Peer 1: 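Handing you this structure, nothing more for now.
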2 protein chains.
Amino acid sequence: MEQRIEKIKKQLHSQSYKLTPQREATVRVLLEHEEDHLSAEDVYLLVKEKAPEIGLATVYRTLELLSELKVVDKINFGDGVSRYDLRKEGAEHFHHHLVCVECGSVEEIVEDLLTDVESQVEKDWGFQVKDHRLTFHGVCKKCQVETVKSS
Amino acid sequence: MEQRIEKIKKQLHSQSYKLTPQREATVRVLLEHEEDHLSAEDVYLLVKEKAPEIGLATVYRTLELLSELKVVDKINFGDGVSRYDLRKEGAEHFHHHLVCVECGSVEEIVEDLLTDVESQVEKDWGFQVKDHRLTFHGVCKKCQVETVKSS
DNA sequence: ATGATTGCAAAGTTTTTGCACTCTG
DNA sequence: CAGAGTGCAAAAACTTTGCAATCAT
């Protein structure tokens, strides 16, 4: 945890940004909820527990900044809100998501499944791929079981 | 064009919805701009040219309805707005997008590149895939050329 | 007539912005 | 002190909703 904060601090410094207490608190919340796909509001409420004086605008500004630095990725599952997801340690690409249409749960896939597909896109469309967003919509393991039960 | 409208009309009727003039005008705009990834506002302005009395709320309601019927897909490229994309004729899955980070252009890939990846997800994660969203971010052919020129 | 659909305006959400204040170096 | 960063409140941007009027069967 501390190491990852240290690393982010360096990333900020390298662009002459500071890791202020507010920014640090925000990053800590993200680290503690790495699997949770928090919205800006979610982050705000969680940060507020530790640092009640923080403003929502600061959270937005911080998330925006972290987004530029590629520390987090801003994602959107189609409900009205943006969600913010920490990049995995050393991950070069965005990870994938499995969104369950039954229960709304979101599972993460860290593996990069798209190496072959990316080569194909570069070859066949002449498009130089830098990153990707992949989300599958379907029925998660748990809900499949429950469907069987109830039928 | 007329055939596709006829088909959509049937889809609506099968769920006891009507193809009102407003809805038809909206569908026509979508058909005429199939490559354009229009926002609700875009659609509204274009429909207004032909049917000035239409309201923005109706456009939203129509797009919502078409979305439920899987006539269009609602997508989000990370700017604040939802965009609406007609499903291709006979396409079972959502098509993919190539978003250029230089010029912002959006290219479409109609082929389904994910058949293998989907099998893998079903096998390895026990997740029953129904649909997917795949967007590549990178540099399009045109901007690659221009980068070479200017360097 | 009855129920679906519409247009308008109002309200709701989420996000951004302006500005004075604070902090750090 | 200068510049970056902050909190607050106001504004903006996008979308949804309530309701009376309209339309189609």
Side-chain angles (χ1 to χ4, degrees), chain A residues 8-29 37-69 71-85, chain B residues 8-29 37-69 71-85:
Chain A
I8 291 164
K9 189 173 181 176
K10 279 182 193 144
Q11 281 183 267
L12 284 164
H13 285 170
S14 76
Q15 314 260 332
S16 15
Y17 294 117
K18 297 168 195 167
L19 183 64
T20 63
Q22 290 90 337
R23 287 178 183 164
E24 182 171 336
T26 305
V27 171
R28 281 184 189 278
V29 163
H37 308 95
L38 303 173
S39 68
E41 182 90 29
D42 295 336
V43 173
Y44 171 62
L45 293 172
L46 288 164
V47 173
K48 225 168 175 1
E49 290 175 11
K50 302 176 181 176
E53 74 290 354
I54 200 170
L56 180 54
T58 301
V59 172
Y60 271 103
R61 286 186 281 230
T62 301
L63 292 170
E64 176 66 27
L65 180 58
L66 294 173
S67 211
E68 274 168 32
L69 294 178
V71 171
V72 303
D73 286 300
K74 190 174 175 181
I75 47 177
N76 204 301
F77 291 131
D79 52 348
V81 276
S82 295
R83 297 174 180 281
Y84 298 84
D85 226 3
Chain B
I8 291 165
K9 189 173 182 174
K10 279 183 194 144
Q11 282 182 267
L12 284 164
H13 284 170
S14 75
Q15 315 259 332
S16 15
Y17 294 117
K18 297 168 194 167
L19 184 63
T20 63
Q22 290 91 334
R23 287 178 183 165
E24 181 170 337
T26 304
V27 171
R28 281 184 190 278
V29 162
H37 308 95
L38 302 173
S39 68
E41 182 89 31
D42 295 337
V43 173
Y44 170 62
L45 293 173
L46 287 165
V47 172
K48 226 168 179 338
E49 289 175 11
K50 302 175 179 175
E53 74 291 353
I54 200 168
L56 179 54
T58 301
V59 172
Y60 271 103
R61 286 186 283 231
T62 301
L63 291 171
E64 175 65 29
L65 181 58
L66 294 173
S67 212
E68 274 169 34
L69 294 178
V71 172
V72 303
D73 286 299
K74 191 173 175 181
I75 48 177
N76 205 301
F77 290 132
D79 53 347
V81 276
S82 295
R83 298 177 179 280
Y84 298 85
D85 226 4

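What you see is a predicted model, and the numbers here were worked out from it, not measured in a lab. Only heavy atoms go into these numbers, but all of them, side chains included; no hydrogens, no water, no symmetry mates. Letters go in sequence order (proteins before strands), and every chain restarts at 1.
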Peer 1: Consider side-chain contact (heavy atoms from CB on, under 4.5 Å). Of V29(A), V59(A), T26(A), which one does L46(A) pass it with?
Peer 2: V29(A)
Peer 1: What integer distance in Å separates E53(B):CD from dG7(C):P?
Peer 2: 6 Å
Peer 1: Check whether any side-chain heavy atom of Y84(B) sits under 4.5 Å from a side-chain heavy atom of L38(B), and report yes or no.
Peer 2: no
Peer 1: Please report, rounded to the nearest Å, how far the P atom of dT6(C) is from the OH atom of Y44(B).
Peer 2: 14 Å
Peer 1: Rounding to a whole Å, what distance do you find between L63(B):CG and dT6(C):C1'?
Peer 2: 15 Å
Peer 1: Protein within reach of the bases, or only the backbone? For nucleotides 11-19 of chain C, mark each nucleotide 5' to 3' as B, S or -, using heavy atoms under 4.0 Å.
Peer 2: ---SBBBB-
Peer 1: What pairs with S39(B) under side chain to side chain contact (heavy atoms under 4.5 Å, CB included), at least two apart in sequence or on another chain?
Peer 2: E41(B), D42(B), V81(B), R83(B)
Peer 1: Please tell me if T58(A) has a side-chain N or O lying less than 4.0 Å from either OP1 or OP2 of dG7(D).
Peer 2: yes
Peer 1: Got a sec, which residues hit ring pair (Phe, Tyr, Trp, His ring centres under 6.0 Å) with F77(B), two or more places apart in sequence or on another chain?
Peer 2: H37(B), H97(B)
Peer 1: Enumerate donor-acceptor pairs with a distance under 3.5 Å from any side-chain N or O in residues 9-17 of chain B to protein atoms, sequence neighbours excluded.
Peer 2:
unit_1 : atom_1 : unit_2 : atom_2 : d
S14(B) : OG     : Q11(B) : O      : 2.7

Peer 1: Does anything in residues 50-62 of chain B pair up under side chain to side chain donor-acceptor pair (under 3.5 Å), and if so which pairs, sequence neighbours excluded?
Peer 2: E32(B)-K50(B)
Peer 1: Supply the atom-to-atom distance D73(B) CG to S82(B) OG, rounded to the nearest 0.5 angstrom.
Peer 2: 12.0 Å
Peer 1: Once you round it to whole Å, what is the distance between P of dG5(D) and CG of L66(A)?
Peer 2: 12 Å
Peer 1: For DNA chain C, find the residues of residues 16-25 of chain A with a heavy-atom distance under 4.0 Å and give them by number; none if there aren't any.
Peer 2: none
Peer 1: Is there side-chain contact between R28(B) and V47(B), with at least one heavy-atom pair below 4.5 Å?
Peer 2: no
Peer 1: Measure CZ/F77(B) against C1'/dC14(D) and give the value in whole Å, please.
Peer 2: 18 Å
